[in-house]
Protein chains: 2
Amino acid sequence: MADTTVSKVSDTPRTSVGRDGVLNVAARLFREQGYGAVSLRKIAEAAGIKASSIYYHFGSKDEIVAAVLDAGIEAVHESMRQAIAVLPTDTGAEAALRAAIGAHLRALLEVSDYSSANVRIFGQVPQSVRDANLPTRRAYEAEWDALLSRLQKNGALQRDVDIRRLRLMLIGALNATLEWFDPDRGSAEALSRTYADVFLNGILER
Amino acid sequence: MADTTVSKVSDTPRTSVGRDGVLNVAARLFREQGYGAVSLRKIAEAAGIKASSIYYHFGSKDEIVAAVLDAGIEAVHESMRQAIAVLPTDTGAEAALRAAIGAHLRALLEVSDYSSANVRIFGQVPQSVRDANLPTRRAYEAEWDALLSRLQKNGALQRDVDIRRLRLMLIGALNATLEWFDPDRGSAEALSRTYADVFLNGILER
DNA sequence: CCATTTACCTAACATACGTTAGTTAGGTGA
DNA sequence: TCACCTAACTAACGTATGTTAGGTAAATGG
């Protein structure tokens with residue numbers, strides 16, 4: 001996650017800002033302020049260029065937003081894939097789920113402005129932009145469903161839980177964290193463990 | 001929840017629209033379309049009056065939004081209080097939590113445009129409007145914390161779970177439902193039971 | 001060396017927004 | 001009856017927004 005203290009980049013651009021530069025700034029601003037509060041002029045100013053210059057790199061504001069949304073899912077998807085891939089082959093169901101939860105939460109809270117921007121602004125952007133993001137989303141959702149189904153077939157998960165519903169509940173809960181997470185009250189790592197504990201074993205004493 | 005099919009009210013107003021009429025329409029539109037997509041002119045048209053007439057009832061757009069936000073929390077708070085109040089005095093911890101979860105979800109998904117609008121647009125409105133909603137929110141949060149603390153002291157909940165964190169996770173998960181709930185795939189009642197099952201007992205087979 | 005491309009710039013436009021000023025028709029109470 | 005209040009109205013203003021047209025300086029490459 002990029003530095004958050006100042007909203008403007010160095011005044012004398014030693015090199016060109018470029019498409020990626022604009023995109024990085026846009027993702028950060030969207031994460032911090034939401035969709036409606038971020039105009040092209042704000043993005044441009046934070047990037048150190050003029051609003052109209054953005055049109056050299058993008059055809060419209062929607063195109064920027066769409067790029068941010070897609071990159072956001074790609075980032076969290078890659079984070080999860082990686083976390084699963086590095087596990088030993090004999091890793092148990094519980095540990096696998098813990099790893100996936102940790103990867104999702106880490107991408108959201110610590111790594112990617114794109115992922116957090118996606119979660120924050122998805123519900124605020126025009127329908128057409130949302131629709132454009134759906135294929136990418138579905139691929140990520142499929143990855144989760146595959147993981148959860150595997151665990152269920154192993155007998156680790158209860159037979160009667162609906163995989164799709166469980167995935168929606170779990171990712172929904174994790175994403176909601178973005179609205180209240182405060183690193184001063186505990187690390188993302190610790191929070192991730194708590195999520196896993198609650199979803200795996202519940203909160204009832206026994 | 002009001003009728004959703006048509007966005008305009010009867011053309012010949014037999015009676016005045018009034019402050020509440022404007023508010024009801026605003027809540028519905030905010031729930032359906034989010035904050036940024038709903039202008040005063042849209043609210044006015046859907047209510048059957050002109051945009052400037054809104055200023056007879058409200059001093060600014062922010063004032064409307066603030067009123068919707070507060071009413072949204074009041075509604076879900078009242079729903080929860082009611083659900084707890086009607087329980088027999090000898091009701092167990094588990095049943096009490098189930099009732100609270102059900103009340104929250106019902107208000108969100110079936111009863112109140114105000115509550116769903118609150119969840120949908122809170123993260124999109126200007127900071128000052130958000131701040132104005134905080135006291136009302138805190139009262140509702142305190143109610144949850146009181147309930148959860150009581151259950152924990154009874155020994156029903158695990159001793160080591162942090163109440164504040166648990167409340168944030170639980171309400172966050174419930175609120176996220178708004179983004180994907182589809183009554184055709186199962187009732188809010190059934191979904192509420194699933195939430196309770198997962199949070200109380202977890203998903204692991206044992 | 002010069003033509004072309006890259007990455008920006010200035011200036012402006014139309015549109016949509018929240019908001020204000022001043023007006024009006026219909027009901028209410030003295 | 002008539003003054004007043006209620007709940008609207010018409011018209012307009014300033015501002016911010018996404019976007020377009022046309023220009024420019026520096027790097028690139030044959």
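Per chain, numbering begins at 1; letters A, B, ... match sequence-line order. Worth saying up front: this structure is predicted, and the values here are computed from it rather than measured.
Between B:His104 and B:Tyr195, the ring center distance fails the sub-6.0 Å criterion. A centroid separation of less than 6.0 Å is found between the aromatic rings of B:Phe199 and A:Phe199.
Per the geometry, NZ belonging to B:Lys50 stands 15 Å off P belonging to C:dA25, to the nearest Å. Rounded to an integer number of Å, the gap from CZ of B:Phe58 to P of D:dA8 is 11 Å. Separating the CZ atom of A:Arg19 from the P atom of C:dT6 is a distance of 15 Å, rounded to the nearest angstrom. Taking atom CD1 of A:Ile43 as the reference point, atom P of D:dT19 lies 11 Å away to the nearest angstrom. Whole-Å rounding puts the B:Tyr56 OH to C:dA25 C1' distance at 14 Å.
Contact between the side-chain N/O atoms of A:His57 and the OP1/OP2 oxygens of C:dC8 is found at a separation under 4.0 Å. Within the structure, every side-chain polar atom (N or O) of B:Ser53 is placed at least 4.0 Å from both OP1 and OP2 of D:dA7.
Side-chain contact annotation: A:Arg31 with A:Asn118, donor-acceptor N/O pair under 3.5 Å absent. Judged by distance alone, the side chains of B:Asn24 and B:Tyr114 do bring a donor and an acceptor atom under 3.5 Å apart.
Listed nucleotides C:dC8, D:dA8, D:dT6 differ in distance to A:Ile49; the shortest reach to its side chain belongs to C:dC8.
A distance-only check finds a donor-acceptor pair linking the side chain of A:Ser116 to the backbone of A:Ser112 [under 3.5 Å].
Taking 4.0 Å as the cut-off between side-chain N and carboxylate O, A:Glu78 and A:Arg81 count as a salt-bridged pair.
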Would you list the protein and nucleotides 18-22 of chain C atom pairs, both N or O, that sit under 3.5 Å from each other?
| from | atom 1 | to | atom 2 | distance (Å) |
| --- | --- | --- | --- | --- |
| C:dG18 | OP1 | B:Lys61 | NZ | 2.8 |
| C:dG18 | OP2 | B:Leu40 | N | 2.9 |
| C:dG18 | N7 | B:Arg41 | NH1 | 2.8 |
| C:dG18 | O6 | B:Arg41 | NH2 | 2.9 |
| C:dT19 | OP2 | B:Tyr55 | OH | 2.7 |
| C:dT19 | OP2 | B:Lys61 | N | 2.8 |
| C:dT19 | O5' | B:Tyr55 | OH | 2.9 |

